[in-house]
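Have a look at the structure below before the remarks.
This structure is a prediction, so every number in the text was calculated from the model and none was measured. Keep in mind that the numbers below use all heavy atoms, side chains included, and drop hydrogens, waters and symmetry copies.
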Amino acid sequence: MEQASAVATLDIRGTVTGWSEGARRLTGHCAEDVVGRDARELLARDVPPEAVSELSATLLLRHRDGSTVSAPVRALPLLGAAGTPQGYAVTAGPPDDGTLLLTGETFQQASLSMSVHDTRQRYLRVNDTARRMLGLPRENVIGRRLSDVMEEIDADGAGFMRHLREVTETGRSLRYETYTPASSRLGEHAWTVEMWPVRDASDQVAAVAVAGFETTAQRRASQRLALLNEAAAGIGTTLDVVRTAEELIAFLVPRFADFAGVDLLEWVLGTEEPIAAPTTGIALRRVAHDAAHEGSPRASVHLGETDVYPPYSAPARALAQGRPVLSGPGDPDFDRWMRVRNEQAPHNRPYRERVRSALAVPLMARGTTLGVAVAVRVEPQEPYVDDDIVLAQELASRAAVCIDNARRFARERATALALQHSLLPRGLPGPAAVEVAHRYLPSASAAGIGGDWFDVIPLSGSRVALVVGDVVGHGIPSTATMGRLCTAVRTLADVDLPPDELLTHLDDLVTHLVAGDTGNEVAELGATCLYAVYDPVTRRLTAAGAGHPAPAVVLPDGTTRMFPMTAGPPLGVGGLPFEATELELPEGSVVALYTDGLIEDRDRDVDHATGELRHALTAPAASLEALCDSVLKAVLPEEPSDDVALLLARTRALGADQIRTWDILPDPAHVAAVRRSVTEALTAWGLDEAAFVMELVVSELVTNAIRYGDPPIQLRLIRDGALICEVSDGSSTSPHLRRAHAYDEGGRGLLLVAQLTERWGSRQTTTGKTIWAEQSLPAG
């Protein structure tokens, strides 16, 4: 029998002297109702008193409610100091379970540990199971004090003796759990111990009976279940391959292994596709390992190093077979592997000689083998058994899925980052209008790469467009949408639209993207954009925003202010207008454009973060690049949850000596005088070599304005990075380049301009239009 359900003690006359909780549950009688009564009153049928010592049968007991309970019982003689019976311990199992309790010789053979102790904690009786547990012959136990026996076997019996003393002093039975580790003299065992007092005829406690039920298997099963439950929440907390491997090791050591390591195939740590495993040695990279004790020898393979496992080794066999491989001393392959390891790292030989068992479990997820986890137990731990293999498989399966998720995330992140970097400007142009510096920081969060972007676009007339945008969402879809918007902005900027009109067209584009791409959740959530144009001639910055934070401006005197713009709706909302704001800036002002990841976060106050940004922008810095770094260091949290794009632009202004302006009378007769004035201006600038071409360009553009445009007409020359000619008039009709036929008298003017200049174009103004052309400056 594995466990007794009920225990009662009788004196030599058959009077009940002790009554356990199990006996109460079996019969319904509590101890107060039974102790002191004749035991035969509890029987449904009479049993002669003299038969008690020989009792070994299934009896019918009388339940408190009047019903009859059938239970197999046994009577155990309780011996006094002289060895004579002082009473009996009667044990009963579950009703009708067919199990016989043990007494006499069967007491000695019981699988549960049973013993009887007197009030001085001396052994009166001990069965074979208890004796084997103690590792002493019976004659070395009976009559000896418990403390002496514990000292002889080098065991800690303080708890056992304390409970014995409690039962002796209080006369109450008790039940408790106890555990001895594998390192103890008794080995690893878990016990449920029950103690109850044995009373003499005067109702005094004369002895204490003890029954111990080993629950090692149940304890191990409970530990395995608890480990699995913890692993479900503790493995895979981040989308990081190495961190996930470390979390697996934390669960294996020390509760499951004295040493554990995780080795992964090389391609798992990169962004490549799975590759076929070699048929000879298998190269694995160590990403995590740990040992249970500080005194354990250092690992033969260091973290980050690659090791080649021979085909007969346990890790290589586990990978090749796709199932766990259990090995240990005596296994030829294991012994061969250990000999090789001893040659490679002889300093670890003593540790390897203590190995009891090694378990290699492949890390497999979605049909792909990622690596192997190895767990090792050394003396005095017990070798791994089948239940341990099942547990290791469960843990490895959980970890493998998490590692594969992290690998896939890393691959998608790398793809999105490469795509985003290819779409972001690699080398921003250096227009004379502004000096620029920029930073882009991708998010390290599990959400992945976002859709933040920025751009600097040269415009006609030495003007420059500054753009920042943010697509809501993360991953490749948001990056692809960002690429669409970035391309669209450059296209619309080439048309030279004002900021508010450009955002209106961009808003229409996003609306069409949503309507035509029903599965694009990123586009449905919208996007934000800020488009600003700076003119170094007028020193005016014109900006419009679509749901985007306003830029910050640092004036040359060190004061900061937020650009006073009206925030429009995010892109994709549709139907709402955008409003442009214009502000004149002193030369040397710094304009900071940024995405919301710089100032917004779940645990941050936006107003406070904006104040930090304004303060950081005023900090002394050796250059604009250094100012970028100091702003990010001062404003960003330690672990930003979103992408961050920062674009700083220091404004410049064109001096009066770089600009020439003429008001043109709408009379063709004045064109010759205009050409002479242009030649004189170019001579003053030292650009005589460019005079011939520029005269032709000016003559054609001014003549076209007089002939087809409306007053007022104005000519402006700008000497900057290029020689720029601008002719403005009051008509909004833009010219178009066309090919003249053989007999056409006109139609070749713009074609001539396009051939002689680097580029040309037109832009709408509030009073009409401007036709412009750029000519490269002569070398030197």
So with a 6.0 Å cut-off around CD of E689, is the heavy-atom count from everything else above 12?
no
Do you know the tightest heavy-atom contact between S762 and D496?
O-CB, 4.5 Å
Main chain of S731, side chain of K769: is a donor-acceptor contact present, judged purely on distance under 3.5 Å?
yes
When every non-hydrogen atom of F578 is compared with those of A546, the smallest separation belongs to CE2-CB, 3.5 Å
Side chains of Q658 and W685, heavy atoms from C-beta outward: is any pair under 4.5 Å?
no
Could you walk me through whether R660 and E680 pass salt bridge (Lys or Arg N to Asp or Glu O under 4.0 Å), step by step?
CA-CA 11 Å; R660 292 289 187 271; E680 293 173 357; over 6 Å; no
Quick one: pull up OG in S462 and CD1 in I724 and give me the separation to the nearest 0.5 Å.
3.5 Å
Run the side-chain contact (heavy atoms from CB on, under 4.5 Å) check on R463 and T542 step by step: do they pass?
CA-CA 11 Å; R463 296 172 305 130; T542 306; over 6 Å; no
Check whether any side-chain N or O of T651 sits under 3.5 Å from a backbone N or O of P586 as a donor-acceptor pair, and report yes or no.
yes
Residue pair W760 / S460, side-chain heavy-atom distance below 4.5 Å
no
Minimum side-chain heavy-atom gap V697-Q775 below 4.5 Å
no
Please assess V489 against Y531 for the test side-chain contact (heavy atoms from CB on, under 4.5 Å), listing each intermediate value before the final yes or no.
CA-CA 9 Å; V489 168; Y531 186 84; 4.1 Å; yes
Pair R408 + D404, salt bridge at N-O below 4.0 Å:
yes
Start with the C-alpha distance between L723 and L687, add both sets of side-chain angles, then the distance that settles side-chain contact (heavy atoms from CB on, under 4.5 Å), and finish with yes or no.
CA-CA 9 Å; L723 185 57; L687 300 176; 4.2 Å; yes
What heavy-atom pair brings S589 and P556 nearest, and what distance separates the two atoms?
OG-CD, 3.5 Å
Would you check if there is a donor-acceptor pair between the side chains of E774 and T757 at a distance under 3.5 Å?
no
A616 and A634 have their tightest heavy-atom pair at CB-CB, 3.9 Å
side-chain contact (heavy atoms from CB on, under 4.5 Å) evaluation trace for D643 with Y440
CA-CA 8 Å; D643 294 21; Y440 170 73; 2.6 Å; yes
Reported CG-to-CG distance for the pair D470 and L530, which is rounded to 0.5 angstrom
12.0 Å
Using only heavy-atom distances, determine whether the side chains of S776 and E758 contain a donor-acceptor pair under 3.5 Å.
yes
Output yes when a side-chain donor or acceptor of S699 lies under 3.5 Å from a complementary backbone atom of E695, and no otherwise.
no
T610 OG1 to E600 CD distance, which is reported to the nearest 0.5 Å:
8.0 Å
Answer yes or no: is there a side-chain heavy-atom contact under 4.5 Å between H548 and M565?
no
OG1 (T581) and CZ (F563) are apart, to the nearest 0.5 Å, by 5.5 Å
Can you give me the closest heavy-atom contact between A544 and E579, atom names plus distance?
CB-O, 3.7 Å
Identify whether the distance between the nearest side-chain nitrogen and carboxylate oxygen of E625 and R439 falls below 4.0 Å.
yes
R614 (side chain) donor-acceptor with T560 (main chain) under 3.5 angstrom
yes
Nearest 0.5 Å, what's the CG-OG1 distance between L617 and T559?
12.0 Å
Quick one: does R716's side chain get under 4.5 Å of V537's, heavy atoms only?
yes
For Y534 and R652, indicate whether the former's side chain and the latter's backbone hold a donor-acceptor pair under 3.5 Å.
yes
Here the pair of heavy atoms bringing L777 nearest to D720 is CD1-O, 3.3 Å
Counting heavy atoms not belonging to R759, are there more than 12 under 6.0 Å from its CZ?
yes
How about E501 and H505: does a side-chain donor come under 3.5 Å of a side-chain acceptor?
no
Are the side chain of S630 and the backbone of L627 linked by a donor-acceptor contact shorter than 3.5 Å?
yes
Donor on one side chain, acceptor on other, Q714 and T661, under 3.5 Å
no
With side chains defined as the heavy atoms from C-beta onward, is the minimum distance between I771 and N704 less than 4.5 Å?
no
Between the CD1 atom in I706 and the NE2 atom in H670, the distance rounded to the nearest 0.5 Å is 8.0 Å
Result for side-chain contact (heavy atoms from CB on, under 4.5 Å) between L636 and one of L646, V631, V644, I599 points to V644
Please tell me if the side chains of L485 and W453 come closer than 4.5 Å, counting only heavy atoms from C-beta onward.
yes
Within a strict 4.5 Å, meaning less than it, do heavy atoms of the T595 and F454 side chains meet?
no
